[in-house]
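Sharing a structure with you now.
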Amino acid sequence: MSWIRRRSGWTSPAEVDLFIARFESSAESLSQALRVAASSAAAAAETDADTVPFGQLQGTVVGLRYYTGVVNPGEMVALVREPQNPYDRNAVMVANMDGSQVGHIKKDLAAAMAFVMDNNLAKVEGVVPYRNNAFTMPVSLSFWGAEEDKPAFTQRMAQHGFKMNSGGIMSTSNGAQGGRPPAKKPVTIPLSAEELKNAFDNLFDGLMESKEGEKEAAELVSTPLLPHQKQALSWMCACENGSTLPPFWEQRGALYYNTLTCFSAKDRPQRVRGGILADDMGLTLSSKGKTLTTIALILTNFHQGKPLPVQRCEELTEMAPSRPEGSEDSTVVRDAAIGSPRSDSPQTSAETQEVMIVSSDAQKKKTTVLLEDLGFAAALSGSTSSTKPKNKRSAKKAVPKDDLDFAAALSGSTSVTKSKNKRSAKKAVPEDRVLPCISENAEELSARATLIICPLSVLSNWLDQFEQHVRADVQPNVYLYYGPERNRSTSFLASQDVVLTTYNVLAADHANKSPLHAVSWLRVVLDEGHVIRNPNTQMAKAVLHLKAQRRWILSGTPIQNSVKDMWMLLAFLQLKPFDIKEWWNRVIQRPVTQGDRAGLLNLQTLVRCITLRRTKSSTVNGRPLVALPKKTVCVEQVELTPQERAEYELARLEGQSTVSRYVAEGSVMSNYADVLAILMRLRQHCCHPDLLAKIASDLSVATTPAELRQRLVEKLRAVLASGSDEECSVCLESVRLPVITHCAHVYCRPCIAQVVASEREMARCPLCRSDLTISQLVEVPPEELEGEEDGARCERWRTSSKVEALLGNLLRLRSEDRSIKCLVVSQFTRFLSILETPLREQGFSFVRLDGTLSPEEAGSAGGVGLNLTAASHVFLMEPAWNPAAEEQCIDRCHRLGQTRKVFVTKFIVKDSVEENMVKIQRRKQDLVEKAFGSKNTDRKTSRIDDIRALMEL
DNA sequence: ACCGCCGGGTGCC
DNA sequence: ACCGCCGGGTGCC
C-alpha cells in the first residue's frame, strides 16, 4: 500500500489563481473544484525528467451540452478532479485551455481515474482527437508518472477494467491531424541528453540578428546610445507598440487559433507588450547598458510611440540656457556647462594604478569597496554631487551615506516637489492623433507610470542613471518607493513617470493591501529578473499580481540551469497559454525534459519571440556587435615548498578523518559548516599559511552564551569566506543578509524570519528541525572584520609559493611593458592584505577593492557593473567553486572598452584541493543533469559527492 | 406475460 | 442521441 499522498502535479496556488481569474462567470462547481485542487496541492511538484509514460486510454467526455467550453479536433484539454461534486465523488471534469468547462469524464472511467489522481499515482493529459456529436466526445488520455508507481497504477486501472495502450513516446507536435482514432504517433528518435543540453545552452544565443534596425532615443536622453543599444531600443519599442500575435497563434477566420494546443479563442490573445532583454554583461560598459536602454525606452516610447511628456524645470533651464534640439548637441552643451558625467571615472582613477587587487567574493556578492584611494571610492559609490547642484536629490546624495539611510532619506522627498508639473506637462505636449499599431483605449491611455523593481543593491544605480542619462532640464518624476516614510497614495504613485522599488518592498506590501498592486502601470520592469525565477517565493507572487500594460524583464542570465526557470518569466509576461503552468508543463517542459524534438523546437521559437540577447560574440549583418580584443586563459601550476607541503598534508589528513566520519554517519549536511571550514583551511594552505585563522571549530566546547555566539560568528564567516556560493535552503538563492542559526545553518535573514513568522508555535530549522527563534540568529558584525586583520598584519611577513608565483609574473610584465595594469583576484581578503606588503616593497602602485561593506552599502559602488577594463592581465589567485564567478571576474576586464589583449592566469596548486576543485568544475560542466531540472534531492547528494571528491575520500 | 417486442421519453457528473 | 437505457403498452400468424 504505497499510495502516500504525494505532491500533486499541476497546481500551485499562484497558477490556480490565474486560472480562476479568468473564470468568474463560469459554473461555481468548477472554481470550487479548482480551489480544492489548489489547496490539496499547496506545494507543487515539478515535472521532472524521471516522469515516464504509463500509457494511453481512449475515454469519453460526456455532458457537453451543459457547458460552454468548446474543443477543436486535436485540442488539449485539462482533467481536473472534482471531489465535491454532489452526484459523484469520483467526478473528473474536463476543461478547456481558457478554463471553460467542457464536460465530465464518463463515470466508470472517472472512478478509476479519481483514485489514480487523488493518490498522485499519475498525471493525466487529455487530447480530443475528433468531435462526433453534440453530447459526447472521445478523449485520448495519456498517463504519466514515476516509474515506481507504474505497477500500482496499471493494476488499479485493470481493476476497473481499463487496459492501457502502449506507453510509447508521444509527440507534442500539433495534433491537428483531425484524423480518426487511433491517431498514428510519428515515431521520432528522442533527443539525447547531450543534444538537449547543447540546444538548451544555445537557447539564448544568436537571437535577434539585426532585422530591427536602430532607433534614436528621444531628445530627453542626454547620453548617446551605442549602436546595439539603439537596436535594442528599436526592438523594445516595436515589442511595446506592435500588435503581432504571440508565438503559435494564428488567425483563422474570426477566431484565433493556437497551433500547439489547438485551442481557439474569439478574443485576440494579447501579444506580450514587452519581453526579456538579456544582453550579456560583458557587452556593455558596465551592466548599465540595460539600464540606459530602459531609461531610453521610458522616455522615448510613451503612448502611441510618442516620447514621455515631461516639463522642463525652469531654474535649470536658466542655468543651462536654451540649446539646440537633438541629443548629441545637448549632450555637448550639458557636459560643457555642468561638468562631465562620471560614468567613466572608475577607469580614470584605475588607470593611474598598476595593480588592482580585488576580492572576487566582493564581486560575486556585488559589493565593491575601496581602501586606498578615496577619490576612487567617491567615484564608485555613486555620489552625483557635481552634476546638478540645484537638485535637492543630488545635494542629499553628495553626503556619503549608508545606502539604506540614503534610501530612507530619499523616499518621499524626491518628486513631491515636482509632481505638480505633471498635469501641465500633459497639456504642454499635445498628443498627436497618429494611429498606432495598438489602439489604446481611454483606460490604457491614462496609465503613465513605469514601475521598476530591482534588487536593493542596484537601487541607487537606477537613481544615478536617471540623473546621468536624462537631460538636466527635464528630470522626469522618479519616485523611490522605499523606506518607512514611503508615499502609499495610489494616485500619487500612478502620477509618477517612474516608481522605483525593490522586490522585497513589493513582496512585503503585497501581503498587506499594496498600493503598488492597486495602480495600473503603463509598464513594469523587473531588473535582474532572474531573481524571481522561483515561483513559490513571495516576491514572485507579488510580481505576478501587478497590473500593467507592458512588461519587461532585464537579466543577464535568463535561465540559470533549467527549463523550469523559464516558466516564471513567461508567467510574468503573460505569454498565453504558458502563463498557466499546466500548459507550460504539458506543451514545453515535460516534452523537452523527455527529449522531444518538437518540444525543444517550440521552446526555441518561444524564447526567440520574446528575447533580445546579444553577447560579445553576437554579430550584426555578419559583423561582430562589439569587437573585443582576444582573451587568453592559462593555468599556472604552483608547487608547494616542502615545508608548505608538510603543513598541507597534515591538515588534509586531519580533515579527511573528520569528513570521512561525517560521510560514514551520513551527517555531512548537518555538519556542513564544519566541512566547509575544513575545506577552506586546505584552500588557505594553498595560498598562504597566515590565512589560517585559529578557529575553534567545535560548537560543543562553547560554554558561555557569548562564547557560543562568537563561535557561530566564526562559522558564519567561514561559510561566507569559503566562496562556496552558499545557497539559502529557503529561497534557494545565494544567501543574502546571511545569518546563522544556533544549529549552525546559514540562511538569508528575511527568509528565515519568514519561516519563523509563519510557524504558529515554536519554529524549527528547515534543515535540521532544531528549535529556533529570531533573537538567536547571529550575523557577522561588520566592523569586526577590520580589527582582526591588523593583528595578523603585525606579525612578521612571510611569503608563499603562490605569492612568489604572482610576483614573478608581475615583475616580468613590468619589465616588459610598464603601462600594463593587472587585476589580482582572490576570495580571501586576508590574502589581499598579505599581498600588499610585497607589492609595496616592489614599488607597485595599486588600489584595492573588497567586500568589507554590506551588499546594500556597496551595491552602489559599482556592483555588478564594476568595470575594470583598465587592466589587461587578470590573475585568479585560487579557483572558485563556481566557474561562472571566475568568468564574471574576467569579464570585468574583457568587455566593451577594453583595448588590449586580455591575459588570464589561474594559479592552481599541484596535488591539492584546488586541483580537485578544478576537476569538479569540469565534471559539472559535462553533467547534463545540472542543466536540466536536476532534482532538489540530487543537489544534496551531489554536494556530498563533491565534498568526498574534494577530500579525496 | 415471472417473457420478448415495440416505440416514446429521455439523456453528465 | 443516427445511440443506450428506462419503463409502459402490449401480445399468434
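Each chain gets a letter, A, B and so on, in the order the sequences are listed, and its residues count up from 1.
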With heavy atoms under 4.0 Å as the rule, sort A:I105 into base, sugar-phosphate or nothing.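 A:I105: backbone/sugar contact only, no base atoms under 4.0 Å.
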Smallest separation among heavy atoms of A:L606 and A:F248, with atom names: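 Closest approach of A:L606 to A:F248, heavy atoms only: CD1-CE1, 3.7 Å.
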Rounded to the Å, how far apart are A:K106 NZ and B:dG11 P?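 Taking atom P of B:dG11 as the reference, NZ of A:K106 is at 15 Å.
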How close or far is atom C1' of B:dC13 from atom CZ of A:R81, stated in whole angstroms?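 Distance check: A:R81 CZ to B:dC13 C1' gives 11 Å.
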Does the aromatic ring of A:Y87 sit over the six-membered base ring of B:dC12, closer than 5.5 Å centre to centre and tilted less than 30°?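 No; by the centre-distance and plane-angle rule, A:Y87 does not count as stacking on B:dC12.
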Looking only at atom P, what distance separates C:dT10 and C:dC5, rounded to whole Å?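 The same atom, P, in both gives a distance of 25 Å.
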Any ion pair linking A:E125 and A:K123 (charged N to carboxylate O, less than 4.0 Å)?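 Judged by the 4.0 Å cut-off on N to carboxylate O distance, A:K123 and A:E125 do not form a salt bridge.
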Where do A:I553 and A:G529 come nearest, in terms of heavy atoms and distance?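 Between these two residues, the closest heavy atoms are CG2-CA, 3.8 Å.
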Let's test your reading of the model: under 3.5 Å, does the base of B:dC13 pair with the side chain of A:D88 as donor and acceptor?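 Result: no qualifying N/O pair found.
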Can you check the distance between C:dC13 and C:dG9, where both ends of the measurement are the P atom (answer in whole Å)?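 So the two P atoms sit 22 Å from each other.
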What are the two closest heavy atoms between A:D596 and A:A598, and how far apart are they?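 Here A:D596 and A:A598 meet closest at OD1-N, 2.8 Å.
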Which of these, A:Q549, A:R550, A:R551, sits in a side-chain hydrogen bond (donor to acceptor under 3.5 Å, both in side chains) with A:E240?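 Between A:E240 and the candidates, side-chain hydrogen bond (donor to acceptor under 3.5 Å, both in side chains) is satisfied uniquely by A:R550.
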From the list C:dA1, B:dC13, B:dG11, which nucleotide is the closest neighbour of the side chain of A:K107?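 Of the options given, the side chain of A:K107 lies nearest B:dC13.
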Tell me the interatomic distance from A:L109, atom CG, to B:dC13, atom C1', rounded to whole angstroms.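 Whole-Å distance recorded here is 13 Å.
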Paired with B:dG11: which nucleotide, if any, by Watson-Crick or G-U wobble criteria at under 3.5 Å for both distances?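 By the stated definition (distances under 3.5 Å), C:dC3 pairs with B:dG11.
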Using atom CE of A:M137 as one end and atom C1' of B:dC12 as the other, report the distance to the nearest whole Å.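 Result: 12 Å.
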Ignoring hydrogens and angles, answer whether the base of B:dC12 and the side-chain atoms of A:Y67 contain a donor-acceptor pair closer than 3.5 Å.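 Result: at least one qualifying N/O pair found.
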Round to the nearest Å and state the distance from A:N132 atom CG to C:dA1 atom P.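 So the CG-P distance, A:N132 to C:dA1, works out to 8 Å.
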Report the distance from atom CG of A:N133 to atom C1' of C:dC3, rounded to the nearest whole Å.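 Rounded to the whole Å, the gap is 8 Å.
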Specify the separation, in whole Å, of atom CD of A:Q84 and atom P of B:dC13.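 Going from A:Q84 (CD) to B:dC13 (P), I get 18 Å.
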Can you measure A:F135 atom CZ to B:dC12 atom C1' for me and round it to whole angstrom units?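 Spelled out: CZ on A:F135 to C1' on B:dC12 is 12 Å.
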